[in-house]
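Note that ligands are numbered from 1 as they come in the structure, with each ligand's atoms numbered from 1 the same way.
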Amino acid sequence: MESQPRPEQPDPQGAGNGANRVAIPEQPDPPRADSGVDRVLIFDTTLRDGEQSPGASMGMEAKVELAQALADLGADIIEAGFPIASQGDFEAVRAVARTVEGPVIAGLARTFQADIERAWEAIRDAARPRIHVFLATSEIHRDFKLKMACSEIVRRTAAEVERARELCDDVEFSPEDASRTEPEFLAEVVEVAIDAGATTINIPDTVGYAVPGQFASLIRYLKHHVTGIDRAVISVHCHNDLGLAVANSLAAVRAGARQIECTINGIGERAGNCSLEEVVMAMRTRHDFFGIDTGIQGAKLFPTSQLLTKLTGLEVQRNKAIVGANAFAHEAGIHQHGMLMNAATYEIMRPEDVGVDHSRLVLGKHSGRHAFRRRLEDLGHSFDDETLESLFEDFKSLADKKKEIFDSDIDALIEGNVEEFEPHWILEGFQAVAGAGLQHFASVDLRDPEGRVHREAACGEGPIDSVFKAIQRLTGVTAHLRDYRVNSVSIGKDAQGEAQIEVEYAGKTYRGRAVSTDIIDASVRAYLSVINGIANRIVGPVDWKAAAIPVDVSDDVATISSEATADNPAAKGAG
Ligand code: KIV
Ligand code: ZN
């Protein structure tokens with residue numbers, strides 16, 4: 001996209017470029033509410049701004065499912081979309097408005113009659129509809145995007161907020177790029193919007209330029225300079241370009257804002273929006289400081305985050321606060337020791353308060369004796385100090401080679417056979433047939449420890465399911481698949497795909513991982529590494545010879561019948 005040239009060096013005053021520079025006169029903080037319930041409204045825009053994240057688009061069914069989950073989570077307002085943007089968006093907003101009960105359902109509109117009427121059409125069936133009208137106010141947007149004078153912005157704001165208000169009692173107005181707008185002009189536009197009937201005034205930090213102290217000053221400034229500001233709820237909408245969206249939202253709340261616009265997992269344009277789970281848990285965990293409540297059910301945060309990942313395929317970074325896989329995981333020995341004594345030493349929230357089952361003490365090269373001993377005990381082992389010490393040394397040397405030590409590795413350590421570990425089955429090759437309207441089918445060739453190659457075939461619900469079934473039939477190991485995910489670990493058309501698989505077998509968890517440019521290949525290898533772990537460490541070598549009915553198809557390839565019969569337990573996993 002063509003864009004205006006930017007200065008090569010950052011402004012020494014830290015103002016970026018001229019478009020950014022606005023001076024906000026300081027105002028005192030409003031008094032904190034010391035009594036009664038002081039509540040901040042949670043306006044979830046995952047379905048609108050969140051969906052503007054590259055890769056986050058959702059179909060109508062997914063949007064309704066997520067909207068229902070947001071209602072169950074306790075969101076006060078759900079911005080369900082931008083109805084004029086497309087027929088699909090319109091229908092999704094209308095479906096949410098018609099089916100999801102509880103929260104206010106908002107639809108976004110520019111200051112155009114067509115936008116406002118379309119938004120109203122989409123939301124009018126909601127029990128509590130809201131039209132959210134926006135118009136940019138900053139100089140750079142006025143001059144380059146809108147090509148509008150200030151007077152025209154003021155006139156349009158008044159006219160279109162009024163139009164929206166004629167249709168709907170609940171109207172929100174956003175002066176887009178408010179944080180880079182001259183405060184005096186911003187105050188003028190906000191006042192006009194309130195006079196025209198806006199019931200919520202949202203102050204967006206559209207490009208994530210604000211910093212907490214300054215953004216709080218802007219809110220205080222508006223509270224002092226806009227006549228009638230008390231007739232509207234002050235809202236904030238912060239983007240995360242400098243990683244400050246949550247901090248800015250919290251600072252604004254301290255300054256008097258009472259609605260936060262945010263998204264699950266912080267998804268949204270560019271670096272995203274204020275993360276709902278983070279901002280809510282910050283206010284809850286530091287209630288002593290903020291003295292503010294929300295209506296969010298903490299225990300639903302993690303499940304809602306997972307649902308969004310499932311619906312969009314957008315993974316959450318492991319170290320993301322609240323909902324990342326490592327948010328309640330501890331690896332350092334000193335931390336694990338503290339956790340075993342009292343979880344509050346290293347955790348400021350209880351995992352169950354955000355819907356995570358429990359904290360995890362990850363066994364790796366930084367772990368200490370305490371955590372290792374506790375894990376052994378949890379697995380039902382107890383050893384004298386000398387054996388424990390020797391096992392701990394073996395564990396440390398294994399941990400130097402492996403990122404994470406799983407229960408199956410510990411079993412292998414105890415059996416003293418880590419060094420002897422050899423994969424039982426070796427992948428010789430596989431073929432998978434996929435396609436719309438076709439039966440999915442796969443055949444797999446595995447080499448056994450005696451060097452013979454066996455082939456098995458299976459049909460399944462997709463190429464990967466078919467391959468897994470063929471492997472189950474061939475090896476006789478049927479494990480319960482608990483988690484299967486594929487991530488791209490590089491970009492471009494020859495991107496590497498990483499498959500991660502977690503299965504449960506005989507009450508224990510086994511994990512496998514493999515990387516390949518072909519995701520089916522990565523999946524097959526990850527699955528086989530799990531099956532090998534089970535075969536070698538727990539069951540011992542699978543006696544496929546006793547179980548199978550081999551049929552020679554060539555000199556060195558035997559096929560095992562795929563029919564499950566009482567005499568053929570190797571086929572147990574089929575179906
Ligand atoms: O970031 C922004 O300014 C917006 C507005 C439409 C509220 O998303
Ligand atoms: Zn936004």
Side-chain angles (χ1 to χ4, degrees), residues 19-20 22 41-54 56-57 77-86 89 93 104-112 115-116 118-119 122-123 130-142 144-146 153 156-157 160-161 164 170-181 185-186 189-190 193 198-210 215 218-219 222 232-246 248-249 252 257 259-276 279:
N20 299 327
V22 288
L41 299 170
I42 297 298
F43 176 116
D44 182 282
T45 182
T46 309
L47 291 170
R48 200 278 296 170
D49 215 328
E51 213 219 2
Q52 289 172 215
S53 283
S57 66
I77 302 106
I78 295 175
E79 185 164 55
F82 190 4
I84 195 93
S86 72
D89 235 33
V93 177
V104 170
I105 307 297
L108 186 67
R110 292 167 299 179
T111 48
F112 293 121
D115 277 46
I116 291 169
R118 193 77 172 141
I123 57 164
R130 173 181 295 185
I131 301 178
H132 178 188
V133 183
F134 75 100
L135 178 62
T137 48
S138 65
E139 188 180 3
I140 186 144
H141 281 240
R142 294 192 310 261
F144 290 91
K145 188 180 86 172
L146 301 173
I153 303 250
R156 279 273 282 271
T157 300
E160 300 308 322
V161 168
D170 187 347
V171 172
E172 172 168 330
F173 175 72
S174 291
E176 191 191 3
D177 205 15
S179 57
R180 292 194 302 171
T181 302
F185 179 56
L186 183 65
V189 175
V190 165
T199 44
T200 298
I201 291 294
N202 180 43
I203 304 301
D205 180 26
T206 302
V207 288
Y209 175 72
F215 196 55
L218 179 61
I219 302 300
L222 294 173
V233 172
I234 301 181
S235 168
V236 286
H237 174 112
C238 298
H239 278 269
N240 208 28
D241 300 67
L242 294 174
L244 292 172
V246 171
N248 286 331
S249 305
Q259 175 179 290
I260 297 177
E261 302 201 353
C262 45
T263 59
I264 298 294
N265 297 343
I267 66 169
E269 279 280 357
R270 305 181 309 280
N273 288 64
C274 170
S275 143
L276 183 150
V279 82

Run through Ile201, Thr181, Thr157 and flag the one making a side-chain contact (heavy atoms from CB on, under 4.5 Å) with Val190.
Ile201
Among His237, Glu172, Arg270, closest by heavy atom to atom 2 (C) of ligand 1 is His237
Looking only at N/O atoms, are His132 and ligand 1 under 3.5 Å apart anywhere?
no
Closest approach to the Zn ion (ligand 2) by Asp49, given as the N, O or S atom name
OD2
So, is Arg48 polar-close to ligand 1, with some N/O to N/O distance under 3.5 Å?
yes
With nothing but distance in play, are any N or O atoms of Thr206 less than 3.5 Å from an N or O of ligand 1?
yes
Does one side chain, of Ser235 or Gln259, offer a donor that lies under 3.5 Å from an acceptor on the other?
yes
Any nitrogen or oxygen of Glu176, side chain or backbone, less than 3.5 Å from one on ligand 1?
no
Checking His132 side chain against Gly107 main chain: does a donor-acceptor pair fall under 3.5 Å?
no
For His239, take its heavy atoms, then give the atoms of ligand 1 lying under 4.0 Å from any of them.
1 (O)
Assess, by modelled atom type and distance only, whether the side chains of Thr263 and Asn273 contain a donor and an acceptor separated by less than 3.5 Å.
no
Main-chain N/O of Asp177 paired with Thr206 side-chain donor or acceptor, under 3.5 Å
yes
Hey, is Lys145 close enough to Glu176 for a salt bridge, meaning N to O under 4.0 Å?
yes
Please determine if Ser174 has a nitrogen or oxygen closer than 3.5 Å to a nitrogen or oxygen of ligand 1.
no
